[in-house]
Participant: 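The structure is given below, and queries will be raised subsequently.
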Amino acid sequence: MSQPRLRTVVVLAAGEGKRMKSAIPKVLHPILGRTLLGHVLAAAAPLAADRTLVVVGHGADQVTDHLAGVAAGAEPVLQAEQHGTGHAVRIALDSTPDAAGTVVVLNGDVPLLRPETVTALVAAHEAAGAAATVLAAEVADPTGLGRIVRSENGGLEQIVEERDASAAQRAIREINAGIYAFDAALLRDALGKLSTDNDQGEEYLTDVFGLLVATGETVAVHVAPDATETLGCNDRVELAALRRLLRDRINEGWMRTGVTLLDPATTWIDVTVALDRDAVVDQNTQLRGATTVGSGATVGPDTTLIDTTVAAGATVLRAHSVGAVIGAGASVGPYAYLRPEAKLRDRAKVGTFVEVKKSEIGEGAKVPHLSYVGDATIGAQANIGAATIFVNYDGVHKHHTTIGEAAFVGCDTNLVAPVEVGAGAYIAAGSAITSDVPPGALGVTRAEQRNVEGWVARRRPGTKSAAAAERAGPKAAGASEGEAIHGAPDAGGRGPAPGDTATE
Ligand code: UD1
Ligand code: MG
């Protein structure tokens, strides 16, 4: 025989969320790093429940897949037809015949709930030996929510849904947050007695309270310290409002730990992000996923970092980064794009209009302007000139480029991978490098320059270029094609020649 369960968590997530008007089940909509359901599961995590059951129905496959990714220990329980919150919990308990002790039930759409609040609710419930405890809050606008109806002595009498409430009950502003702790045996017994005699013809979990009161059991109300924690989400306007509230809570938390947020109203930090003291986040910045920012680093303005590590003292300005590692004192941007496995060593620089993918930029190395770096290893102190392209893809395979320490790559170079440039080597600007350059060598692949004298005057007569060339001197306007081809500019022939009217 299996051991009795001491704590079971049941999260209700089978509803459709019609008003979201979405192909995605309501509980899978994300805010600041987790889905609504993910936030609720995180709030319940410190309870260390023996079992966590998630009641799924609408979009059951999607919700089940999501659970496997975010809470491997949580078990989906299918509620094929949604006959109400009481019905949902009944199905969950039927799948757990050995549940004993405390059953904690949480609506899946209450993402602002704090772990401390759930823990305190359960502690109070267990300390009081109550049959059931509900989380309640006093709110300014209780529209649509279940009301806490108290007796004259202040104890809980029943919970009544708005659509079933009398006018006097509707005036009550103390609401049911949809978070509860129950004694398992008493809950199981009461669920068997629920009726569907209400406006929606559903089995209401909330009716368990009235049933327990009627049989003389102790029921309790635990008031949430902050009413915003109890806010649910029914449509996308409410979703946006919850996102703002959570943003403010997260931002306040970071500022209190010593992080500077220059404009908290435009700074969006996922709950999964970690910031060190004296990090500075400038305006219009989003920090998402597993991003971390070290002490003294400055991030933003206008920056999005996803799963990105920023070490101490680095600067990231107007950048978009996914899955990159930015070393201490490194500098990124403005207008840089770092892609997965971009790794900048300490004091490396990735400058303006530079994209880096799956490449290591060595300590103190620089890629300052207009470049694509893909599948490369760049040695320490190397300098990559403007408009250098790491040609990593032959249409079928990706290939690697290695640049040695302190190598100097001239502007507008194509490095056709696989290729290696040795330590201290130079590449002449405009080269297409297709074979290795030994250490200390100069690699150059440019064709020699030739100038066709007088070409503009002959082939583009009457244009502004022709006029300008004519004003500039006799050579531009005069010489014949045959004699005017030179391997290099002829500086001696550039003197002004006023009055020369060339070909016209
Ligand atoms: C419920 C409460 C109400 C409370 C409010 C707080 C009941 C009867 N009423 O109302 O007192 O103020 O939450 O937000 O419980 N669900 C299922 N299966 C079902 C029905 C619902 O899993 O058959 C899930 C939903 O997906 C949702 C949660 O239960 O996550 C709450 O359901 P919802 O329909 O939103 O209940 P409310 O009408 O908001
Ligand atoms: Mg609801």
Side-chain angles (χ1 to χ4, degrees), residues 9-20 22 24-29 35-41 43-44 53-60 62-64 66 76-93 95 105-113 132 134-139 141-149 156 158-165 169-170 172-180 182 187 190-191 194-211 221 224 227-235 238-239 242:
V9 164
V10 178
V11 180
L12 305 186
E16 181 181 6
K18 274 198 191 71
R19 282 173 285 167
M20 295 296 284
S22 176
I24 302 165
K26 174 166 83 176
V27 294
L28 294 193
H29 281 261
T35 60
L36 301 184
L37 177 58
H39 283 290
V40 173
L41 286 166
L53 306 173
V54 179
V55 181
V56 300
H58 277 281
Q62 289 177 70
V63 179
T64 301
H66 176 67
V77 177
L78 183 67
Q79 184 195 24
E81 286 176 31
Q82 288 74 49
H83 296 303
T85 50
H87 179 244
V89 176
R90 189 152 63 79
I91 285 181
L93 287 195
S95 79
V105 178
L106 305 102
N107 282 359
D109 62 351
V110 192
L112 300 192
L113 187 65
V134 58
L135 185 68
E138 185 98 8
V139 297
D141 177 12
T143 307
L145 295 166
R147 308 295 205 278
I148 303 291
V149 181
L156 176 65
Q158 60 166 323
I159 301 172
V160 62
E161 293 308 293
E162 176 167 274
R163 47 210 301 171
D164 303 300
Q169 289 168 335
R170 273 193 211 134
I172 297 170
R173 292 195 297 114
E174 190 177 22
I175 59 90
N176 165 25
I179 312 295
Y180 324 82
F182 296 99
L187 172 63
L191 287 172
L194 289 179
S195 85
T196 54
D197 182 17
N198 53 56
D199 188 63
Q200 300 189 80
E202 290 185 348
E203 293 177 35
Y204 286 169
L205 177 60
T206 45
D207 285 349
V208 164
F209 285 83
L211 288 167
V221 178
T228 64
E229 283 188 58
T230 68
L231 292 172
C233 171
N234 291 306
D235 60 29
E238 288 176 3
L239 185 70
L242 294 186

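These numbers come from a predicted model, not from an experiment. When a ligand or atom number is given, it counts from 1 through the structure's own listing order.
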Participant: Report yes if the side chains of L205 and L187 come closer than 4.5 Å at any heavy-atom pair, otherwise no.
Facilitator: yes

Participant: For ligand 1, what is the set of protein residues having any non-hydrogen atom at a distance below 4.0 Å?
Facilitator: L12, A13, A14, G15, Q79, Q82, H83, G84, T85, A88, N107, G108, D109, L145, G146, E161, N176, A177, Y204, T206

Participant: Give a yes or no answer on whether the side chain of R19 reaches the backbone of G17 with a donor-acceptor pair at less than 3.5 Å.
Facilitator: no

Participant: Who pairs with H83 by ring-ring contact (aromatic ring centres under 6.0 Å, His included), at least two apart in sequence or on another chain?
Facilitator: H87

Participant: Are more than 12 heavy atoms from other residues, nucleotides or ligands located less than 6.0 Å from atom CG of D197?
Facilitator: no

Participant: In terms of side-chain geometry, is the basic nitrogen of E16 or K26 positioned less than 4.0 Å from the acidic oxygen of its partner?
Facilitator: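 Between K26 and E16 there is no salt bridge, as every charged N stays at least 4.0 Å from the carboxylate O atoms.
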
Participant: Please give me the minimum heavy-atom distance between V77 and S95, naming the atom from each residue.
Facilitator: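 The answer is CG2-OG, 3.7 Å.
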
